[in-house]
Peer 1: 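I have a structure here, written as structure tokens, and I will follow up with some questions on it.
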There are 2 protein chains.
Amino acid sequence: MAYKDNKGLIGGICEEELLDLADLFKMFSDSTRIKILYSLFDGEKNVSEICENIDMNQSAVSHQLKLLKSSKLVKSRREGKTVIYSLADDHVETIIAMGKDHIEE
Amino acid sequence: MAYKDNKGLIGGICEEELLDLADLFKMFSDSTRIKILYSLFDGEKNVSEICENIDMNQSAVSHQLKLLKSSKLVKSRREGKTVIYSLADDHVETIIAMGKDHIEE
DNA sequence: TTATCATATGAATGCTTGTTCATATGAGTA
DNA sequence: TACTCATATGAACAAGCATTCATATGATAA
């Protein structure tokens, strides 16, 4: 188990895990990042394609991709000159779907 | 339906809905707010009880409760001198559970 | 009414963070 | 090698935001 025993803590969750949770949701809290994730819903894309798709410049997208990757929400592989990004797992779509459920109620 | 037709937009979602989504997840992106939500998992509480539970001062908690309420994640009712807060619906727990799944993987 | 408890709110402050600009790195090609 | 395309990165700036402090509002009790 990655986290400490949950003793004497809010709702049975330790401070460290709480901060990690907040950091995770922080990734979904910016519209540029959500756009990037959304644009990967229909399959992997290289950086240029993502830029074009969401209409943002390369540097901004690259910075955000770095954050998304460090949060393990996307993964990447190099293919020649380009780098191809894709969703890391299906939690991403599930979390966003839950969010949509809420705001569409 | 609350949102416009999804035409020619990223992954079939309109800009407005995207911003709302980001705003929703922003609510989960702060550890104080997650603590508050967590502390409501086992039932409604008044403000003082929440403060005590998460060890934060009344003003900070009140400010965050206001945000959580405006995002419809919590609801409140007055009972005499106190105001009692509770989770607005079960999306909250589901979303947080998904987040935990991800970071605990 | 006055006093007190519980909660809300406005302003100020300091920290965080997304974007931009310039530049660097990495890979392919001639 | 030199040149170009694709991506990454560092620094700087501006905007956003969580907390604190002081104060206001709302409700009960005396």
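Letters A, B, ... are given to chains in the order of the sequence lines, protein chains preceding strands, and every chain is numbered from 1. Side chains included, hydrogens not; waters and symmetry mates left out as well; all remaining heavy atoms used.
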Peer 1: Please tell me if Tyr85(B) has a side-chain N or O lying less than 4.0 Å from either OP1 or OP2 of dA8(C).
Peer 2: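 For Tyr85(B), the contact criterion (side-chain N or O under 4.0 Å from OP1 or OP2 of dA8(C)) is met.
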
Peer 1: Just to be sure I understand the geometry, which residues of residues 64-82 of chain A put a non-hydrogen atom under 4.0 Å away from DNA chain C?
Peer 2: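 Nucleic-acid contacts, sorted: Gln64(A), Leu67(A), Arg78(A), Gly80(A), Lys81(A).
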
Peer 1: One pair to check against salt bridge (Lys or Arg N to Asp or Glu O under 4.0 Å): Lys45(B) and Glu52(B). What are the steps and the verdict?
Peer 2: CA-CA 11 Å; Lys45(B) 289 186 175 60; Glu52(B) 200 177 347; over 6 Å; no

Peer 1: Which residue, Lys26(A) or Asn57(A), contacts DNA chain C at a nucleotide closer to its 5' end, judged by nearest heavy atom?
Peer 2: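 Between the two, 5'-proximity favours Lys26(A).
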
Peer 1: Please give, in whole Å, the distance from dA27(D) C1' to Ile84(B) CD1?
Peer 2: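 Taking CD1 of Ile84(B) and C1' of dA27(D), I get 14 Å after rounding.
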
Peer 1: Within the 4.5 Å heavy-atom criterion, are Val83(A) and Asn46(A) side-chain neighbours or not?
Peer 2: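 The answer is no, as the side chains (C-beta and beyond) never meet within the 4.5 Å cut-off.
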
Peer 1: Using the aromatic ring of His63(B) (for Trp, its six-membered ring), decide whether it stacks on the base of dT9(C) within the limits of 5.5 Å and 30°.
Peer 2: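 Per 5.5 Å and 30° rule: yes, stacked.
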
Peer 1: Measure the spacing between CG of Asp89(B) and CG of Asp101(A) and express it to the nearest 0.5 Å.
Peer 2: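 If we round to the nearest 0.5 Å, Asp89(B):CG and Asp101(A):CG are 9.5 Å apart.
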
Peer 1: If you take atom types as modelled and just measure distance, does the side chain of Gln58(A) reach the base of dA8(D) with a donor-acceptor pair under 3.5 Å?
Peer 2: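 A donor-acceptor contact between them is present.
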
Peer 1: With the 4.5 Å side-chain cut-off for hydrophobic clustering, are Leu19(A) and Phe41(B) part of the same group?
Peer 2: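 They do not share one cluster, since no chain of ILVMFWY contacts under 4.5 Å joins Leu19(A) to Phe41(B).
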
Peer 1: Please report, rounded to the nearest Å, how far the C1' atom of dC17(D) is from the CZ atom of Phe25(A).
Peer 2: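 Interatomic distance, CZ of Phe25(A) to C1' of dC17(D): 19 Å.
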
Peer 1: What distance separates Thr94(B) OG1 from Ile95(A) CD1, expressed to the nearest 0.5 Å?
Peer 2: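 Answer rounded to 0.5 Å: 11.5 Å.
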
Peer 1: Does any donor-acceptor pair link the side chain of Ser59(A) with the base of dT7(D) at a separation under 3.5 Å?
Peer 2: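 Donor-acceptor pair under 3.5 Å: no.
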
Peer 1: In which ranges does DNA chain D form stems of 3 or more consecutive Watson-Crick or G-U pairs, distances under 3.5 Å?
Peer 2: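 Detected stem regions: C:1-30 with D:1-30.
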
Peer 1: Do Leu65(A) and Ile84(A) share a hydrophobic cluster, counting only Ile, Leu, Val, Met, Phe, Trp and Tyr and linking them when any side-chain heavy atoms are less than 4.5 Å apart?
Peer 2: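 The answer is no; the residues belong to distinct hydrophobic clusters.
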
Peer 1: Examine distances only and state if a side-chain atom of Thr82(A) and a backbone atom of Arg78(A) form a donor-acceptor pair shorter than 3.5 Å.
Peer 2: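 No; judged by distance alone, with no hydrogens or angles, the pair does not exist.
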
Peer 1: Rounded to whole angstrom units, what separation is found between the CG atom of Asp30(A) and the C1' atom of dA15(D)?
Peer 2: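 Rounded to the whole Å, the gap is 13 Å.
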
Peer 1: Closer than 3.5 angstrom, by distance alone: can the side chain of Arg33(A) be matched with the main-chain N or O of Lys26(A) as a donor-acceptor pair?
Peer 2: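 Present.
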
Peer 1: Which residues in residues 33-54 of chain B have at least one heavy atom lying under 4.0 Å from any atom of DNA chain C?
Peer 2: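 Under 4.0 Å from DNA chain C: Asn46(B), Val47(B), Ser48(B).
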
Peer 1: Between Glu15(B) and Lys35(A), is the closest basic N to carboxylate O distance under 4.0 Å?
Peer 2: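 Salt bridge: yes.
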
Peer 1: For Glu44(A) and Arg77(A), what are the C-alpha separation, side-chain angles and deciding distance, and is it a salt bridge (Lys or Arg N to Asp or Glu O under 4.0 Å)?
Peer 2: CA-CA 10 Å; Glu44(A) 55 181 26; Arg77(A) 68 172 198 280; 2.7 Å; yes

Peer 1: Return yes if some donor-acceptor pair links the side-chain N/O of Ser70(A) with the main-chain N/O of Leu67(A) below 3.5 Å, else return no.
Peer 2: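 Yes, the answer is positive, given that a donor and an acceptor are paired below the 3.5 Å cut-off.
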
